[in-house]
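For ligands, and for the atoms within them, numbers begin at 1 and follow the listed sequence. Hydrogens, waters and symmetry mates are skipped; everything else that's a heavy atom, side chains included, is used.
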Amino acid sequence: MSVEIRKRQIEMDGFCIIEDVIPIDEIEGIRDEITALERAGQEESEALKADMRRRGHRIGAKGVGSLRQVINRTQSFAPHLADRRILETAEAVLGPWARISCTDCVVNFPGNERGYWHADWPYNQTNASHIPAPYPDTLLHLSTIWMLSPFSAHTGGTFVVPGSHRWLNNPSADGIAGIDRDAPHRSELQIEGEAGSVLLYDSRMWHAVAPNLSQQPRVALVVRYAPWWLNLNPTLTGRPEHSAMVVETGGKNYEMPPVKKDVYEALPDDVKPLYRHWVD
Ligand SMILES: O=C(O)CCC(=O)C(=O)O
């Protein structure tokens, strides 16, 4: 599939899928490592989530684990971040000099609950820093979900509402007229793909965590690509905008710790430019 077709799919439907980004013989090793790291960090991340919930914020879905900036803990997947097809697509929709704004992992454990409909930062209206709805009809951020497990209705392939990226609001905050953010949507479908595939979507597209009905964890990486001109400072822990807009307001945000200097130095040369803006 050409970059023009992928761009067109993102424009029309809100998403496209690129197959075979991570070679089959690497997937199991990366998935097991990410799952083990998530488990090792569970106590810390559950404490963070509990604190958020105490402050009245809606966060995550029960039975779903995550780890922020997982690239600081393992770089096994790093060579693929500069996959030519992904960067070509990012460049086609965002222009040159795109950079990575997030490298998280997400693990849906068997029996996890359904998540709420949302769009990603900067459109998620529950975030302390967000573009208030109605937002302009422009793509400002490209989200990707890297399938380290097969995605299907059985394993909890992400729920999406195709075409919703052109709507000027999303139900993340309190729902919007006639839409319950926790309920199935009449136009929803579930993403399907082999492990090693990557879902790319306009960050405005409505999506939600789906229940994993299988016996195995459904493991994925969440990587987001931002244009050089999008101000990421409210999402970068330690930057003044982050302190002012998130820490001092007690708000919830999409936020990234810096990439450690030694981790950055060891990254492949074609991946370094994607992280250069956010090195400790
Ligand atoms: O893991 C999934 O299926 C969805 C993750 C998600 O909602 C997100 O990254 O915003």
Where on D120 is there a heavy atom closer than 4.0 Å to ligand 1, on the side chain, on the backbone, on both, or on neither? side chain
Which protein heavy atom lies closest to atom 9 (O) of ligand 1, and at what distance to 0.1 Å? R224 NH2, 3.4 Å
For the residue pair W206 and W167, is the inter-centroid distance of their aromatic rings smaller than 6.0 Å? yes
Counting from 1 in the order shown, the ligand 1 atoms closer than 4.0 Å to a non-hydrogen atom of V106 are 1 (O)
When you measure from the side chain of N127 to the backbone N and O of H130, does any donor-acceptor pair fall under 3.5 Å? no
Might you confirm whether atom CZ of R8 has over 12 heavy atoms from other residues, nucleotides or ligands at distances under 6.0 Å? no
So does K62 get a backbone contact from the side chain of E113, meaning a donor-acceptor N/O pair under 3.5 Å? yes
How close does the nearest protein non-hydrogen atom get to atom 5 (C) of ligand 1, and which residue and atom is it? I145 CD1, 4.0 Å
Contacting atoms of ligand 1, where contact means under 4.0 angstrom from a heavy atom of V222: 9 (O)
For the residue pair H141 and W121, is the inter-centroid distance of their aromatic rings smaller than 6.0 Å? yes
Could you find the nearest protein heavy atom to atom 1 (O) of ligand 1 and give me its residue, atom name and distance? R218 NH2, 2.8 Å
I'd like to know if the side chain of R99 reaches the main chain of W228, judged simply by a donor and an acceptor atom lying under 3.5 Å from each other, with no hydrogens or angles considered. yes
What I'd like to find out is whether the side chain of V70 reaches to under 4.5 Å of the side chain of L221, using heavy atoms alone. yes
Measure the distances from the heavy atoms of M147 to every atom of ligand 1 and state whether one is below 4.0 angstrom. no
Would you say N108 and ligand 1 have an N/O pair spaced under 3.5 Å apart? no
Considering only non-hydrogen protein atoms, determine which one is nearest to atom 8 (C) of ligand 1 and report residue, atom name and distance to 0.1 Å. H207 NE2, 3.6 Å
